[in-house]
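These figures come from a predicted structure and were not determined experimentally. Here is how names work: the chains are called A, B, and so on, in the same order as the sequence lines, proteins then strands, and each is numbered from 1.
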Amino acid sequence: MAKQLHVGHLRASIIGDSMARLHERLGWTVFRQNHLGDWGLPIAMTLASLERAAVDLSRITLDDLNAAYRRAQAEGRDDEAGLAAARETHAGPHRIAELEAQHAGASALLTHTHETLRRLQGGDPPTVAAWQSLIAVTMREVFETAATLGVKLDETHSRGESFFRDRLAPTVDAFVKAGLAERDQGALIVRFKDRERPLLIQKSDGTSLYATTDLAAAHYRIAQLGAERVIYCVDARQRDHFRDVFDAIHAIGWDRLPNGGTAEMIHVPFGAVLGADKRPLKTRSGENFTLKALLDEAVARGRREVHARAQQPDAPTAGLPTAELDAIGQAVGIAAIKYADLSGDVSRDYVFDLDRMVSFEGDTGPYAQYAHARIAGILAKADGTSATAPLQIVAPEERALALTLLRYATAVQDAAEQCAPNRLAAFIFELANAFNTFYQSCPVIKEANATLRASRLRLCDLTRRVIADALSLLGIVAPARM
RNA sequence: GCAUGCGUAGCUCAGUUGGAUAGAGCAUCGGUCUUCGAAACCGAGGGUCGUUGGUUCGAGUCCAACCGCGUGCGCCA
């Protein structure tokens with residue numbers, strides 16, 4: 001919230017969208033839950049910073065918010081207790097350094113921030129109004145980005161922290177009542193048998209934190225929505241956190257479904273997006289890459305490539321209106337990014353290399369799109385196909401193609417069941433491969449034998465439809481021409 | 001310090017429950033367009049799967065130790 005989307009948001013969106021589409025395809029009722037950080041201390045920091053700068057919130061832009069957020073961050077907040085605790089518990093050097101920096105920047109701003117947070121959570125009308133305009137500005141960009149990315153996400157999917165604000169106290173009460181929470185150094189914690197690290201569900205000042213929200217949210221999803229499978233597409237760095245949350249939910253029995261079954265809770269951890277230097281992706285000036293800049297670049301590359309090919313007189317896209325070529329170019333650029341993200345093991349870090357992704361050769365999104373467009377072109381040139389034409393498998397290449405097609409259903413099931421979109425991506429690549437090999441050695445339109453020709457046209461048609469469908473499950477569109 | 005994840009070809013990565021000579025893309029080298037879309041196809045070279053031990057008829061896959069890298073670790077989200 002209140003800041004530009006960055007590459008970290010890219011994976012959550014792409015992977016989450018694909019998981020949703022895969023499960024929808026298998027007949028699940030999917031509740032997309034966009035868990036937004038719209039209610040914590042950071043948002044109060046930004047609000048407070050805006051108040052101090054006396055910014056006109058009715059005309060605010062995301063850049064203003066971004067500036068305010070960065071300003072607030074730079075001004076820092078004090079966390080003496082946290083620093084002491086981190087030292088005592090041998091926290092990692094990163095965490096300690098972070099806290100020391102914060103401590104150094106300590107100031108009276110902390111008081112203001114907390115005061116703003118109190119006003120917000122207390123429902124003070126002007127503060128709430130300011131908060132709402134801040135949310136609105138951010139969400140406009142979120143939905144805009146989702147649209148260019150082709151990710152199904154709108155206001156109906158927003159389930160930010162603020163949505164659960166009234167469920168926090170009952171959640172804490174429930175854990176206390178169940179005897180699972182205990183008071184420790186003024187805070188409420190949940191302990192686990194097999195590990196030292198407890199889960200903190202209430203701060204010593206009585207306010208709750210993100211873990212509390214996650215517990216409340218999980219309860220809502222299972223008890224209210226009746227979710228049998230709750231899938232969290234979140235950064236791999238939150239592994240421990242989700243382990244704790246899931247165990248806590250299990251301990252209190254909130255994973256029990258109304259029908260008596262047990263809900264499955266799955267964290268799909270995804271790795272970081274790295275730059276060529278193997279460090280988290282940054283711009284030359286060392287700032288986080290905004291998602292917008294990244295997508296703009298990919299789309300520009302896609303368009304450049306599509307336009308270049310349309311220049312050639314014998315290209316199938318020759319003579320198409322610029323707007324249409326632009327649309328195709330966008331589809332290609334976005335496909336390059338999405339496929340690169342989903343074709344590997346999602347839990348691992350990956351090196352973001354636009355040159356490789358948009359090279360359109362080998363195991364890439366555009367390669368699959370090409371196979372699709374190629375077939376679409378063939379079918380358009382043929383005088384129709386028959387869905388009932390008897391299949392006549394003679395050449396080994398068409399046998400291989402047919403056998404690959406038969407594996408589609410299990411590929412989708414595997415990918416969904418194991419929350420591993422790369423399984424499906426691998427299938428798509430194999431299918432596109434099998435088709436290209438088949439097409440290399442088997443005449444289709446030019447086949448003289450009418451029965452064989454009809455059979456091959458049907459194979460083409462099936463292949464085209466499966467590629468388009470499979471790509472759609474990854475959230476990738478397949479243009480008819482490119 | 002504790003926890004957790006990773007280490008497969010020059011580069012980027014696959015490798016479903018342990019199962020036959022470890023696969024692919026890029027890059028390199030060599031072949032295919034006067035005929036259905038060459039963003040394609042066919043072929044070649046390239047790996048002691050971090051190291052050492054163990055379990056097994058059989059280990060890239062399971063276990064242990066070690067080395068290297070990443071990430072996390074109570075009042076942030």
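Counting any heavy atom pair closer than 4.0 Å across all strands shown, A:Ile378 reaches sugar-phosphate atoms only and no base atom. Among the protein residues, A:Cys442 comes within range of the nucleic acid bases, having at least one heavy atom under 4.0 Å from a base atom. Residue-level contact check: A:Leu209 touches the backbone only, with heavy atoms under 4.0 Å from sugar-phosphate atoms and none from bases. As judged by a 4.0 angstrom heavy-atom cut-off over every strand, A:Ser204 is placed among the base-contacting residues.
Summarising the base pairing, B:G37 is matched to no nucleotide, lacking a Watson-Crick or G-U wobble pair whose two defining distances lie under 3.5 Å.
OP1 or OP2 of B:G37 has at least one side-chain nitrogen or oxygen of A:Lys381 nearer than 4.0 Å. Residue A:Asn433 has a polar side-chain atom (N or O) positioned under 4.0 Å from OP1 or OP2 of B:C41. A sub-4.0 Å separation between OP1 or OP2 of B:G72 and a side-chain N or O of A:Arg239 is absent.
Remark: the separation of the C1' atoms in B:G25 and B:C41 is 15 Å, to the nearest Å. Spacing between B:U21 and B:C26 at atom P, rounded to whole Å, works out to 27 Å. Nucleotides B:U8 and B:G43 place their C1' atoms 24 Å apart, quoted to the nearest Å.
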**Item:** Sequence-aligned protein contact record of nucleotides 13-20 of chain B, with B where the base is within under 4.0 Å of a protein heavy atom and S where only the sugar-phosphate is
**Value:** SSSB----
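Relative to the six-membered ring of A:Phe192, A:Arg195 meets both conditions, a distance below 6.0 Å and an angle of at most 45° to the axis.
Counting heavy atoms from C-beta on, the side chains of A:His35 and A:Thr213 come closer than 4.5 Å. Proximity of A:Val444 to A:Phe438: side-chain heavy atoms (C-beta onward) are separated by under 4.5 Å at one or more points.
One atom, OH of A:Tyr367, and another, P of B:A38, lie 12 Å apart when rounded to the nearest Å.
The six-membered or imidazole ring of A:Phe163 lies near that of A:Tyr220, with a centre-to-centre distance under 6.0 Å. Centroid-to-centroid, the aromatic rings of A:Tyr350 and A:Phe270 stay 6.0 Å apart or farther.
Looking at A:Gln238, its side chain never comes within 3.5 Å of a backbone N or O of A:Val234 through a donor-acceptor pair.
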